[in-house]
Amino acid sequence: MLRLKQPAGELPPDLYRLLDDLSSKHGQGDLRATTRQCFQIHGILKGDLKTVISSIMNMGSSTVGACGDVSRNVMTTPAPFDTPAYNYAREYSKVFAQLFRPMSTAFSEIWLDGEKAASVETWAKEVEHHNVDEAMLYDSGRGIILPDSTEPIYGTQYLPRKFKIGVTVPGDNSLDIYTNDIGVVVICNDAGELEGFNVMVGGGMGRTHNKENTFARAADHMGFVPKEDIMEVMKAIVAAQRDHGNRDVRANARMKYLVHTLGIDKFKRLVESYVGKEIAPWRPVAEWKYSDWMGWWEQGDGKLFYGQHIDNGRVKDEGDFRLKSAIRALVDKYNLHAIMSPTQSIIFRNIDPKDKEGVDAILREHGIKPIEEVDPNARLAMACPALPLCGLAQTEAERIMPSYIERVRVLLNKMNIADEEILMRMTGCPNGCARPYMAELAFVGDGAKSYQVWLGGSPVLTRTAYPFMARMDTDDMEKTLEPILAMFIQQRGEFEAFGDFTHRVGAEAIEAYMSSYVLGSVVA
């Protein structure tokens, strides 16, 4: 598997054409949209790696930083609205990607024979005016910059574990901002001028079964940082994790454990010791909402964007369903720029309104349902690749999730709550790549045809769920969920979402209700 680095999820048309060709010629014939706004290609043979990687790098893209103990792909809200806040979110996603890029030349020495790529990474060109390299190398003398000429921030050992950054605007939580090591929220004044950023720290999903010292965690609010200080504060946070993160036990190496151990106040003081000044309090922001941004939307500049839902991120042609060919046809005909979504889908932007009917026609001709015909629970759902593509998987996820959604749909219809929308996620192991621990209802693989059941995540993705059932056989899903849904029908508050309800009543109350429930006895 080969994963790209695409800061802010941006996908130029020439890059998509290249990936489409490479996946057909050197991969298994499909592409996989990830949960961090990038594509990965499965099935590449070792002998073809040099061809594939060099082709990607010479196109102005990269795979450096898509994996490893460094800052990973920097995410942002995928909505391409033409407003000051959204523009800043996209811009600073690229700034942070450039700020924390690995500086070693080893990658180009291996895959490009030491030559420079034919094209500079596209995002690097777009943020040149920020003088990111100068900011990266600036040494305040407070321990952020290390005496290592190759990697001034990462040093000779890089970070204790992978590091994830997300950027958004107030109110838009389409990217699971609380699951990142650093979450950054753009703060503008009433005139749309950038004032600075709210910064949260310590989020992360990965855990290990039967090891209570590993856990999923939502980020804590750390404070507000003026725009002129943001790069130095970001460097200070990374340096705090670099110097104080757990390098002895890899399972506890993510920054969330450092924040959890110290507490947010002590961690904030640690960061301030690197920066040399106090960090201001978190500024109030609009309430968080979740949207997948699928379907047709006005960008705000006279153009449109269209979000194309992709079931579990798999871009493929299968029978009459020819999504891979449809996307290629759209890119070839209209030269469309795209943005990968944090929910494994794709958004085409800058569409001329006169081309709307043509876009719809191409999708129809390739067997793609309009968004109105996609089950809302399928739109909300995510699953990791799992078997047979991931060596860590303990059971199925991507291949079985569609059947789970169908079975839940049948159950909702049977109980007369067909309009209920539940945010469901599934992984084939506890590592959390599909961010299951934020979902209202999650299935986490723990063995062959067996899943843990997690409940109580927020429909707007601001808190973690709790483990409800240690083992659920896949054949027992209906009899497991029906009593929970029955209790929800009978005891929910007005307009209360499923995740909010299960969070409010808790596991003990649900278990007590289930103990005397008779299957088939409750409908709305």
Side-chain angles (χ1 to χ4, degrees), residues 3-24 30-41 56 59-63 66 73-82 86-87 89-91 93-94 97 119 121-123 125-126 167 174-175 291-301 303-317 322-353 355-356 358-363 366 368 370-371 374 379:
R3 183 184 299 144
L4 268 73
K5 179 180 180 180
Q6 296 170 238
E10 296 192 354
L11 182 68
D14 285 345
L15 179 58
Y16 181 78
R17 293 185 188 100
L18 174 66
L19 298 179
D20 185 52
D21 291 342
L22 290 173
S23 67
S24 297
D30 57 20
L31 288 165
R32 182 54 152 78
T34 76
T35 58
R36 289 202 68 81
Q37 293 185 277
C38 59
F39 267 130
Q40 58 192 35
I41 308 174
I56 291 169
M59 183 61 72
S61 188
S62 180
T63 62
N73 198 47
V74 180
M75 296 174 68
T76 192
T77 164
F81 291 119
D82 186 20
Y86 276 91
N87 289 331
R90 288 188 289 274
E91 180 179 354
S93 297
K94 299 167 195 172
S119 179
E121 293 167 340
T122 54
W123 57 88
K125 301 176 193 174
E126 294 169 7
V167 186
S174 54
L175 72 160
S291 175
D292 60 6
W293 303 116
M294 295 293 99
W296 286 103
W297 298 77
E298 293 184 358
Q299 280 183 185
D301 59 357
K303 298 290 182 71
L304 305 174
F305 71 85
Y306 180 76
Q308 174 58 55
H309 170 73
I310 304 173
D311 273 340
N312 300 315
R314 187 65 59 183
V315 178
K316 62 183 178 180
D317 287 350
R322 295 180 294 134
L323 179 61
K324 191 166 185 279
S325 295
I327 294 177
R328 180 60 180 261
L330 289 172
V331 171
D332 283 347
K333 182 169 183 178
Y334 299 109
N335 203 40
L336 292 180
H337 288 252
I339 299 173
M340 309 298 297
S341 90
T343 51
Q344 304 172 313
S345 293
I346 191 168
I347 292 172
F348 297 103
R349 61 176 176 161
N350 298 331
I351 301 173
D352 194 308
D355 295 328
K356 180 177 183 292
V359 170
D360 285 337
I362 287 175
L363 292 171
H366 287 80
I368 312 303
I371 194 64
V374 177
R379 286 177 58 176

Given Asp14 and Val331, is the side chain to side chain contact (heavy atoms under 4.5 Å, CB included) satisfied, shown in steps? CA-CA 9 Å; Asp14 285 345; Val331 171; over 6 Å; no

Which is it for Lys5 and Thr63 under the side chain to side chain contact (heavy atoms under 4.5 Å, CB included) test, yes or no, and what are the steps along the way? CA-CA 5 Å; Lys5 179 180 180 180; Thr63 62; over 6 Å; no

Go through the steps to decide whether Asp20 and Arg17 satisfy the test salt bridge (Lys or Arg N to Asp or Glu O under 4.0 Å), and finish with yes or no. CA-CA 5 Å; Asp20 185 52; Arg17 293 185 188 100; over 6 Å; no

Going through the distances and angles, do Thr34 and Phe39 end up as a side chain to side chain contact (heavy atoms under 4.5 Å, CB included)? CA-CA 6 Å; Thr34 76; Phe39 267 130; over 6 Å; no

Please lay out, stage by stage, how Val167 and Arg90 fare under the test side chain to side chain contact (heavy atoms under 4.5 Å, CB included). CA-CA 8 Å; Val167 186; Arg90 288 188 289 274; over 6 Å; no

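Across all non-hydrogen atoms, the minimal contact from Pro78 to Ser341 is CB-CA, 4.0 Å. The two atoms that bring Ile362 and Ala326 nearest to each other are CG2-O, 3.9 Å, heavy atoms only. In terms of heavy-atom proximity, Leu323 sits nearest to Val315 at CD2-CA, 4.2 Å. Of all heavy-atom pairs spanning Ser291 and Trp297, the tightest one is OG-CZ2, 4.2 Å. When all heavy atoms of Leu304 and Pro353 are compared, the closest pair comes out as CD1-CA, 3.8 Å. Taking every heavy atom of both residues into account, Pro13 and Leu336 meet most closely at CB-O, 3.5 Å.
Note: Leu363 CG to Ile368 CD1 = 6.5 Å, rounded to the nearest 0.5 Å. Considering CE of Met59 and CG of Leu18, their distance stands at 4.5 Å, rounded to 0.5 Å. Here OG of Ser62 is found 5.0 Å from CH2 of Trp123. Values are rounded to the nearest 0.5 Å. Taken from OG1 in Thr343 to NE2 in His309, the straight-line distance is 8.5 Å, to the nearest 0.5 Å. Here Met340 contributes atom CE and Gln37 contributes atom CD; the two are 8.5 Å apart, rounded to the nearest 0.5 Å. Note that the CG atom of Asp332 and the OH atom of Tyr16 stand 9.5 Å from one another [nearest 0.5 Å].
For an aromatic pair to be called close, the ring centres must be under 6.0 Å apart, and Phe305 with Phe81 satisfies this.
Taking 4.0 Å as the cut-off between side-chain N and carboxylate O, Arg349 and Glu10 count as a salt-bridged pair. With salt bridges taken as basic N to acidic carboxylate O contacts below 4.0 Å, none links Lys324 and Asp317. Classification of Asp355 and Lys303 as a salt-bridged pair fails, no side-chain N sitting under 4.0 Å from a carboxylate O.
Donor-acceptor pairing under 3.5 Å is lacking for the side chains of Asn73 and Gln6.
At least one side-chain heavy atom of Leu11 sits less than 4.5 Å from a side-chain heavy atom of Leu19. Pro80 has its side chain within reach of Ile347: a pair of non-hydrogen atoms, C-beta onward, lies under 4.5 Å apart. Contact of the Leu22 side chain with the Ile56 side chain is registered, since non-hydrogen atoms from C-beta on lie closer than 4.5 Å. Inter-residue side-chain proximity for Asp311 and Lys316 is flagged as unmet; no heavy-atom pair is nearer than 4.5 Å.
In this structure, Arg36 contributes its side chain and Gly9 its backbone to no donor-acceptor pair below 3.5 Å. The backbone N or O of Ala66 lies less than 3.5 Å from a partner atom in the side chain of Arg3, making a donor-acceptor pair. A donor-acceptor distance shorter than 3.5 angstrom exists from the side chain of Ser345 to the backbone of Ile310, with no hydrogens or angles considered. Side chain of Asn312 to main chain of Arg314: no donor-acceptor pair is present (N/O by atom type, distance under 3.5 Å, no hydrogens or angles). Checking side-chain atoms of Gln299 against main-chain N and O of Asn350 turns up a donor-acceptor pair under 3.5 Å.
Among Phe348, Trp293, Trp296, the one residue that satisfies the ring pair (Phe, Tyr, Trp, His ring centres under 6.0 Å) test with Tyr306 is Trp296.
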